[in-house]
There are 2 protein chains.
Amino acid sequence: MNKQPEITAQTRKNLIDAFWSLYCEKRIEKITVKEITQKAGYNRGTFYEYFTDVYDVLEQIEQFLIPTLNELPPITMPDNNMGMPVDVFLKLYEQNSKYYSVLLSDNGDPAFASKLKNSTKPMLKQAFSRNYDLDPVEFDFILEYVLSGMIGIMSYWFRQDKILPAENLIALMYDVMENGVMKRLSR
Amino acid sequence: MNKQPEITAQTRKNLIDAFWSLYCEKRIEKITVKEITQKAGYNRGTFYEYFTDVYDVLEQIEQFLIPTLNELPPITMPDNNMGMPVDVFLKLYEQNSKYYSVLLSDNGDPAFASKLKNSTKPMLKQAFSRNYDLDPVEFDFILEYVLSGMIGIMSYWFRQDKILPAENLIALMYDVMENGVMKRLSR
DNA sequence: AATTGTCCGACAACGTGTTGTATATTTACA
DNA sequence: TGTAAATATACAACACGTTGTCGGACAATT
């Protein structure tokens, strides 16, 4: 007999949603299986049919979020003469902001930022592969710097409730990537 | 009657050290009070004389690390005509690398990176205060970008076991801050 | 009617935080 | 200076909550 996908998918979703509403409020350490199942309206035992752990829920959510990056690479390739596709990254961030803004916050998961960076790197490496002059080691360091900066500034943007219009943020990011931060900081 | 500082300081240190050796190996969620006290050679109850929680140990460690930033500001001010004091930041990172490299890793605490950034910002704000042209809101965004990038690249440096000489890393960071990343990425 | 998927209740084991107690060390006073 | 009271430090035991698992009930599929 096959599974009943409609049912299990729904229960799974209910459990994930219950977990997420709790995760938005408090640290994962303080979330119990009891709380999740109570919120979702199931028995505690049912939880273990879907997840091994409370942390497993988070991992499954993250594993669902990462591939969305790799699905868009053909479009996200920087134009031949242009710089970083900051607008695409921001759009991606906004699309999944429900999860991104929390996972990348102070109460989030540092491993998620890493997963995000590591998923993006191959794409950017290929896009910039025509530059043979650059030491591949240095290249990785620069990538780590840019991606950390981008994730940092985008998270900050959300934390500040988007006080800056998206266009301004994109322009700002373009500018600091093209010309560095010093010119902008010290006249 | 006064406390016996030598004794309590030693037990506290023993407990913190035991916690840290565990924290280097696994996620904080999986660390129990029992493990810590066993490793340190104390009764489980003794732990609660010093800390309220396993997480309290981490917080106390972080609270000890943050002020070291504020103790060096007179020196860390960027020279009048120079850029970011990247060398000072790197030195600071290296001095506390035992803790920094772990706290800023995938298994670390995202809140620590925030604390680090927020402790550094006022210092940099003052250093760049002569620039009246810049919108203070934009300024904060740029700071968030640079600091995220710096922390990201320095953590990466440690993660890669410092394959790049420190001088090269400093030069690289200076360059991307002065001139941006694009010139270096795409010739 | 039989089989399998989904969910539930109960159980043992473990970890938590607290409270009362023993031992060692400091202080006060003779 | 020597002794007894006071307190600091560490410990053992307790009640409670959470965890992960296992067998069974009920429903849906074939």
Side-chain angles (χ1 to χ4, degrees), chain A residues 1-64 102-103 107-109 111, chain B residues 1-64 102-103 107-109 111:
Chain A
M1 188 185 287
N2 288 332
K3 290 187 180 179
Q4 292 147 267
E6 317 84 30
I7 299 176
T8 60
Q10 188 58 49
T11 348
R12 209 182 96 95
K13 187 181 183 307
N14 291 339
L15 289 171
I16 287 182
D17 288 349
F19 164 82
W20 192 252
S21 72
L22 289 166
Y23 189 66
C24 290
E25 289 168 8
K26 57 175 161 180
R27 300 180 150 236
I28 191 166
E29 304 87 68
K30 302 293 177 188
I31 299 176
T32 66
V33 176
K34 191 182 173 186
E35 279 179 307
I36 297 173
T37 49
Q38 267 185 353
K39 212 176 207 355
Y42 294 94
N43 179 279
R44 208 172 55 79
T46 304
F47 177 90
Y48 294 97
E49 304 282 338
Y50 293 86
F51 309 98
T52 64
D53 221 52
V54 175
Y55 305 98
D56 187 37
V57 188
L58 186 63
E59 279 167 31
Q60 289 198 25
I61 291 175
E62 291 183 3
Q63 275 181 3
F64 167 80
V102 178
L103 286 172
N107 295 327
D109 179 14
Chain B
M1 187 183 287
N2 287 332
K3 291 186 179 179
Q4 293 148 261
E6 317 85 28
I7 299 175
T8 60
Q10 187 57 49
T11 13
R12 209 182 96 95
K13 188 181 182 307
N14 291 339
L15 289 170
I16 288 182
D17 288 349
F19 165 82
W20 192 253
S21 73
L22 290 166
Y23 189 67
C24 291
E25 289 167 8
K26 56 175 162 180
R27 298 180 152 237
I28 191 167
E29 303 86 70
K30 301 292 177 190
I31 299 176
T32 66
V33 177
K34 190 181 172 186
E35 278 179 307
I36 297 172
T37 49
Q38 266 186 355
K39 212 177 207 355
Y42 293 94
N43 180 279
R44 207 172 56 80
T46 305
F47 177 89
Y48 294 97
E49 305 282 338
Y50 294 85
F51 309 98
T52 65
D53 220 52
V54 175
Y55 305 98
D56 187 37
V57 188
L58 186 63
E59 279 168 31
Q60 290 197 25
I61 291 176
E62 291 183 2
Q63 275 180 4
F64 166 80
V102 178
L103 285 171
N107 295 327
D109 179 13

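In what follows, every chain begins at residue 1, and chains take the letters A, B, ... in the order their sequences are listed.
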Set out, in order, the CA-CA distance, both residues' side-chain angles and the distance that settles side chain to side chain contact (heavy atoms under 4.5 Å, CB included) for B/Val33 and B/Tyr48, then state yes or no. CA-CA 9 Å; B/Val33 177; B/Tyr48 294 97; 3.5 Å; yes
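- Counting only residues at least two apart or on different chains, the salt bridge (charged side-chain N to carboxylate O under 4.0 Å, His left out) pairs with a member in residues 41-55 of chain B are A/Lys30-B/Asp53.
- By the salt bridge (Lys or Arg N to Asp or Glu O under 4.0 Å) test, A/Lys39 is found to be paired with no residue, residues two or more places apart in sequence or in another chain being considered.
- As rounded to whole Å, 14 Å separates atom P of C/dG9 from atom OH of A/Tyr42.
- Proximity of B/Asn43 to the phosphate of D/dA12: a side-chain N or O atom is located under 4.0 Å from OP1 or OP2.
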Dump the pairs, protein N or O against N or O of nucleotides 12-18 of chain C, anything under 3.5 Å, distances to one decimal.
{"residue": "C/dT16", "atom": "OP2", "partner": "B/Val33", "partner atom": "N", "Å": "3.3"}
{"residue": "C/dG17", "atom": "OP1", "partner": "B/Asp53", "partner atom": "OD1", "Å": "3.2"}
{"residue": "C/dG17", "atom": "OP2", "partner": "B/Tyr48", "partner atom": "OH", "Å": "2.8"}
{"residue": "C/dG17", "atom": "N7", "partner": "B/Arg44", "partner atom": "NH1", "Å": "3.2"}
{"residue": "C/dG17", "atom": "N7", "partner": "B/Arg44", "partner atom": "NH2", "Å": "3.2"}
{"residue": "C/dG17", "atom": "O6", "partner": "B/Arg44", "partner atom": "NH2", "Å": "2.4"}

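- Here the C1' atom of nucleotide D/dT9 and the CZ atom of B/Arg12 are 16 Å apart, to the nearest Å.
- Take A/Gln38 and apply the side-chain hydrogen bond (donor to acceptor under 3.5 Å, both in side chains) test, not counting sequence neighbours, and it matches no residue.
- Between the CH2 atom in B/Trp20 and the CD1 atom in B/Ile61 there is a gap of 5.5 Å [rounded to 0.5 Å].
- Separation of atoms CD1 (B/Ile31) and OH (B/Tyr23) is listed at 7.5 Å; rounding is to 0.5 Å.
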Audit row: B/Leu15, B/Thr37, side chain to side chain contact (heavy atoms under 4.5 Å, CB included) steps and yes/no: CA-CA 7 Å; B/Leu15 289 170; B/Thr37 49; 4.1 Å; yes
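- Contacts of B/Ala111 classified as side chain to side chain contact (heavy atoms under 4.5 Å, CB included), with partners at least two apart in sequence or in another chain: A/Asp106, B/Asp109.
- Between the OH atom of A/Tyr50 and the C1' atom of D/dG20 there is a distance of 17 Å, given to the nearest Å.
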Quick test: give all pairs of protein nitrogen or oxygen and nucleotides 23-27 of chain D nitrogen or oxygen below 3.5 Å, distance rounded to 0.1 Å.
none

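- Rounded to whole Å, atom P of D/dT19 lies 15 Å from atom CZ of A/Phe51.
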